[in-house]
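In the text below, chain A, chain B and the rest are named by the order of the sequence lines, each starting its count at 1.
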Protein chains: 2
Amino acid sequence: MLNEGILVNQIDPTSDRAVFRQIADQLRQAIESGRLREGEKLPSEAELIEHYSVARMTVRQAIQELRNEGLAVAEHGRGVFVRRRPPVKRLASDRFARRHRKDGKAAFLAESEAVGARSEVDMISVSEVRPSKEISDRLGTGSDQTVVSRSRRYLRDGHPVELATSYIPVDIARGTKIMEPNPGPGGIYARIEDQGHTLERFVEDVSTRLPTREEAKLLNLTSGTPVFRLIRTAYDLQGAAVEVCDTIMSGDAFLLSYELPAH
Amino acid sequence: MLNEGILVNQIDPTSDRAVFRQIADQLRQAIESGRLREGEKLPSEAELIEHYSVARMTVRQAIQELRNEGLAVAEHGRGVFVRRRPPVKRLASDRFARRHRKDGKAAFLAESEAVGARSEVDMISVSEVRPSKEISDRLGTGSDQTVVSRSRRYLRDGHPVELATSYIPVDIARGTKIMEPNPGPGGIYARIEDQGHTLERFVEDVSTRLPTREEAKLLNLTSGTPVFRLIRTAYDLQGAAVEVCDTIMSGDAFLLSYELPAH
DNA sequence: GAGTGGTCTAGACCACACT
DNA sequence: GTGTGGTCTAGACCACTCA
């Protein structure tokens, strides 16, 4: 099945703009205008070579450009397709409100239910580690002190969307279910409060970047998907940091919503 | 000047891993281990071709991979360099606090001063437009109503870092300095309060993605730099939306910090 | 087996930066 | 001018998908 109808213009070989960029421009235009919809197949390399009368490397460069921009994904043996966007999950600023813990729900589960998504957690591991300076600074622990580290991966409807590692001072975690893979109803925040550390506020530091190769693998990210890096610090009523959570979130799967006071 | 000392291993042509990926792996390792520092020059294509005994397209693919990951940038005629990271600016959650407006400062200026950066604003334009649904939904205006649109670009130490467009209902903006390029001391939030709309809170919706070509051009972004998209809605004491600001921020130049209550 | 994209070679000419 | 990366050609063989 040919799908060259989307290609209207010819190439101007005398133009300053490189031929492969002109080809990319036309394909991009087809995508952005909606002539090619999400999940639809782009013309094959052979079709583009024929249509534009150029070498294969030239059309491959054009396609590479679209892939780098996150507009297209290639599937070996099948073709190149307009990238599908996953449904976006909105994380509201009350997502760590105590009422969710009172319900016996951890934050991620509570959030997912709100949009009717099926959520799972896997790759849970608990250990004691010497945290990076970024973490120990926030926890206020000495640079040589160990802390309890809890790593896990979250999945939404079977797709991995988030990697998280929590760090908790040993004097809070030791001897509690925080040391176990399943920390019980309400998650670790409920356990921290059980220990007498009533939570008062969280600070979230949000940045964005492209994933490392490791992160891309674990989150199944196609090229052209950035991630959120979110470092959350939990403070108790005394103003002491009781947990730091370092999170990598698939950038196309989340919208973070925050409320700021004007006063 | 040769700089092949960083390349320790040879290529295994029988490996499952493509040759260009193995070359990329070695260069990546050199960068991540610090053997190649920020701003340092990678071996030239000619050196890599010689060192690994491969075709030029193979080393170019390796370098392309690093560029896509945001680890390296190519400069035509000069070489390929380890990407430099700009200093990160932390935006605290009190950045729209009234005290900053009382000082006669708009938010961006107040923030920049805090880190000793020189800040400028350019490309200011004011017009009346029919906003997108995304905007009109937040403003609560009808889909056919026009609103006042204020666009501008922010620069830090001479480098563009942020594009912003504010949308204000015409009944608030008309006849005020909001319609002028320079809205006066304290920025447009001060003018909105002058009109009797005391600000109570803001809601910021943060997402991340790769820039469009247009955004990359205006923000001077190298491939491999995502952007923050931040849509801020300002509410007055009556709970009415009085402004929506649609912002694109260079993802490597900002860290967004927010405070969440635990109750 | 036919069609698809993935990898790799061996050239060519060009544009830009430096000295 | 020399060295650098940018573009482009014309092939080759391979791996994957689907009928």
[X] side-chain N/O to [N] phosphate OP1/OP2 under 4.0 Å:
X	N	result
A/Thr58	D/dT7	no
B/Arg67	D/dG6	yes
A/Ser44	C/dT4	yes
B/Arg56	C/dA10	no
B/Arg78	D/dG3	no

Using the closest heavy atom to pick a nucleotide of DNA chain C for each, name whichever of B/Arg17 or A/Ala46 lands nearer the 5' end.
-> A/Ala46

Given that both distances must come in under 3.5 Å, which nucleotide forms a Watson-Crick or G-U wobble pair with C/dT19?
-> none

Distance, rounded to the nearest Å, where [X] contributes [atom1] and [N] contributes [atom2]:
X	N	atom1	atom2	value
A/Lys41	D/dT17	NZ	P	15 Å
B/Leu48	C/dC8	CG	C1'	16 Å
A/Ile49	D/dA12	CD1	P	14 Å
B/Gln22	C/dC8	CD	C1'	13 Å
B/Glu50	D/dT4	CD	C1'	17 Å
A/Gln61	C/dC14	CD	C1'	14 Å

Measure from the side chain of [X], starting at C-beta and using heavy atoms only, and say which of [options] lies closest.
X	options	result
A/Met57	D/dC8, D/dT9, D/dA15	D/dT9
B/Phe20	C/dT7, C/dG6, D/dG5	C/dT7
A/Ala18	D/dT4, D/dC8, C/dG5	D/dC8
A/Arg60	D/dA15, C/dT7, D/dT4	C/dT7

Distance only, no hydrogens: is a donor on one side chain within 3.5 Å (strictly under) of an acceptor on the other, for A/Arg152 and A/Tyr154?
-> yes

Pair A/Arg90, A/Ser257: side-chain N/O donor-acceptor within cut-off below 3.5 Å = yes

Spell out yes or no: do the side chain of A/Arg21 and the base of D/dG6 have one donor N/O and one acceptor N/O closer than 3.5 Å?
-> no

Please tell me which of B/Glu75 and A/Ser53 maps to the more 5' nucleotide of DNA chain D, matching each residue to the nucleotide holding its nearest heavy atom.
-> B/Glu75

When you match A/Ala55 and B/Glu45 each to their closest nucleotide on DNA chain D, which lands nearer the 5' end?
-> B/Glu45

To the nearest 0.5 Å, tell me how far B/Phe228 CZ sits from B/Leu91 CG.
-> 9.0 Å

Any chance you could measure B/Glu120, atom CD, to B/His159, atom NE2, to the nearest 0.5 Å?
-> 10.5 Å

What residues form a salt bridge (charged side-chain N to carboxylate O under 4.0 Å, His left out) with B/Arg67, not counting sequence neighbours?
-> none

For B/His76 and C/dA15, is the gap between ring centres under 5.5 Å while the planes differ by less than 30°?
-> yes

